[in-house]
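Have a look at the structure below before the remarks.
We're numbering straight along the sequence, starting at 1. In what follows, every heavy atom counts, from backbone to side chain, and hydrogens, waters and symmetry copies are set aside.
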Amino acid sequence: MTERGPLTAVSPLDGRYARYTEPLVPYASERALMRARVEVEVEYLLALADLDATPLAIDADQRDELRALYAEFDDADADVVKQLETSGYGEYTATNHDVKAIEYFIRLGAPDGLDADNWIHFGLTSEDVNNLAHRLLVKPAAEEVLVPELREIRDTLVEMAHDYGDVPMLARTHGQPATPTTFGKEMAVYASRLGQAIARIDRAADDLSGKLAGASGTYAAHHAAYPEVDWPAFAESFVASLGLEHEPLTTQVNPCDDLEVLFDAVRGANNVLLDMDLDMWLYVSDRYLGQETVEGETGSSTMPHKVNPIDFENSEGNLSKANSDLVFLGDYVTNSRLQRDLSDSTIKRNMGAAFAHCLVGYGKCQNGLAKVVPNEQVMRDDLDSTPEIIGEAVQTILRREGVDDAYEQVKKATRGQSVTIEDFREMFADLDVSEDVRAELDALTPAGYTGIAAALADSVDEA
């Protein structure tokens with residue numbers, strides 16, 4: 001059998017891009033899911049012991065030992081869990097069930113003298129454990145891995161907005177020359193959009209919810225054993241102790257509407273970056289942006305001169321793949337036949353892969369931004385060669401002065417024609433306006449016609 005490693009990985013996420021996806025291992029790996037399940041089962045066992053109705057008693061030292069089962073969970077522990085599931089371990093034969101294997105793992109690791117075997121996984125269905133475990137992983141994956149990367153990109157965009165807020169640049173609407181802007185102002189737009197997208201991710205992560213209501217969402221097993229206990233209140237308290245909102249009305253499965261909201265929020269941030277990746281690619285193509293070369297790097301296998309915008313292209317590809325996965329995940333996990341079917345179980349194992357493509361895309365985007373430098377002279381030359389763009393300012397000032405058919409006059413003189421700044425000044429000389437207005441018109445230049453773009457660029461903050 002071929003030894004598995006980065007060069008034999010069936011996915012680039014664990015192969016070529018492993019160095020980028022490493023931060024997600026604590027939240028997206030099989031070992032991470034095992035550890036989270038142990039945490040849920042142990043904390044649930046302790047919560048049962050705190051109920052007056054149960055005879056279960058667990059002292060402080062025993063609690064510490066039980067919590068160490070997940071706090072110190074390592075590769076050796078994961079191997080034991082896997083053996084319990086697939087081949088058997090110690091006194092236990094193979095369970096062929098991943099959650100049952102967790103139950104047996106806790107039995108094996110329980111403190112000496114603690115008779116708690118009957119209370120581990122008491123009254124639960126696997127989905128009670130799994131829905132909580134998945135959210136214990138997805139929440140920090142979003143908050144501690146994805147969001148910090150997005151904030152770093154936003155910080156870079158804010159810095160670029162401030163640094164280049166007064167660098168004039170020809171705008172293009174419908175791909176055609178349009179009212180000038182500044183490079184910094186355009187970066188400020190992306191910084192603002194990304195900041196709002198990050199806030200949506202934060203809210204969605206804060207609102208992740210969990211259920212603990214048994215095989216059909218009715219607390220039937222719990223109620224049969226202890227009808228005097230307010231099990232919904234118990235479940236709400238327990239789920240909250242894990243840092244999650246409580247979902248009170250469910251079937252066997254958590255409806256997962258909360259996950260769909262999170263996936264959509266992440267997709268929204270990705271869409272901002274995809275839009276920016278495309279623009280940056282075009283700015284490089286138009287030579288508005290130069291790219292710093294990397295010593296020893298090859299741009300093209302046949303054209304030695306090339307410095308390709310590969311980081312923005314790679315970001316675009318990975319974020320597009322991520323978004324495709326996120327849409328699929330959001331659509332799929334919110335559906336379950338009747339009270340439960342298992343098809344979502346394998347699908348949820350791919351949540352980490354979607355986040356991993358996000359992480360690769362964010363890293364590549366950061367690399368791309370670090371390499372580009374505005375080519376101010378090219379931008380100014382482009383503006384100077386497109387004087388017709390001051391036509392908007394001209395017709396607006398003439399309207400202000402009450403000149404009849406101002407728009408139509410400028411349109412006739414400029415639309416579909418090659419004009420120069422001198423042509424405009426000849427037009428201004430023939431206008432029936434005051435000398436102050438004529439001077440105002442003569443002072444118009446493409447590079448100077450950027451409105452308050454510089455102030456707008458400066459207005460985006462670092463918060």
Side-chain angles (χ1 to χ4, degrees), residues 157-158 160-193 275-276 278-290 372-460:
L157 292 171
V158 170
M160 294 174 76
H162 293 168
D163 288 347
Y164 305 113
D166 59 354
V167 175
M169 180 181 77
L170 181 66
R172 295 187 184 273
T173 59
H174 308 277
Q176 306 305 306
T179 301
T181 180
T182 69
F183 181 73
K185 179 263 177 181
E186 297 312 304
M187 296 304 98
V189 171
Y190 283 115
S192 176
R193 292 177 62 193
D275 197 19
M276 187 188 72
L278 293 171
D279 277 359
M280 299 303 275
W281 188 95
L282 288 167
Y283 291 147
V284 171
S285 177
D286 288 340
R287 298 193 176 186
Y288 281 14
L289 295 179
V372 294
V373 180
N375 193 331
E376 298 183 31
Q377 189 59 53
V378 171
M379 293 181 183
R380 286 183 178 273
D381 289 346
D382 211 6
L383 285 166
D384 291 342
S385 66
T386 322
E388 62 268 22
I389 55 179
I390 68 168
E392 178 191 44
V394 172
Q395 66 95 8
T396 303
I397 291 172
L398 295 181
R399 282 175 180 240
R400 182 196 69 196
E401 295 302 309
V403 174
D404 293 335
D405 299 324
Y407 176 89
E408 287 72 16
Q409 289 188 51
V410 176
K411 175 182 175 182
K412 182 179 180 180
T414 60
R415 190 168 190 259
Q417 300 184 44
S418 177
V419 296
T420 66
I421 201 71
E422 287 73 22
D423 293 331
F424 272 108
R425 286 169 182 162
E426 288 179 9
M427 178 196 305
F428 302 155
D430 293 335
L431 291 173
D432 184 17
V433 295
S434 70
E435 289 306 311
D436 286 343
V437 172
R438 201 180 323 278
E440 182 181 1
L441 293 169
D442 283 337
L444 289 172
T445 64
Y449 184 46
T450 58
I452 60 168
L456 292 171
D458 194 55
S459 70
V460 66

Residues in side chain to side chain donor-acceptor pair (under 3.5 Å) contact with [X], at least two apart in sequence or another chain:
X	result
Thr414	none
Glu426	none
Gln395	Arg399
Asp286	none

Distance-only, no hydrogens or angles: does the His162 side chain make a donor-acceptor pair with backbone N or O of Val460 under 3.5 Å?
yes
For the student: nearest non-hydrogen atoms of Pro387 and Phe424, plus distance:
O-CE1, 3.4 Å
Return the minimal non-hydrogen interatomic distance between Pro446 and Pro180, and the atom names on each side.
O-CG, 3.3 Å
Taking only residues at least two apart or on different chains, which pairs with a member in residues 376-398 satisfy salt bridge (charged side-chain N to carboxylate O under 4.0 Å, His left out)?
Arg172-Asp382
Residues in side chain to side chain contact (heavy atoms under 4.5 Å, CB included) contact with [X], at least two apart in sequence or another chain:
X	result
Ala393	Leu444, Tyr449
Leu456	Lys185, Ile452
Thr173	Ala178

By salt bridge (Lys or Arg N to Asp or Glu O under 4.0 Å), which residues pair with Asp275, not counting sequence neighbours?
Arg193
Quick one: salt bridge (Lys or Arg N to Asp or Glu O under 4.0 Å) partners of Glu435, sequence neighbours excluded?
Arg438
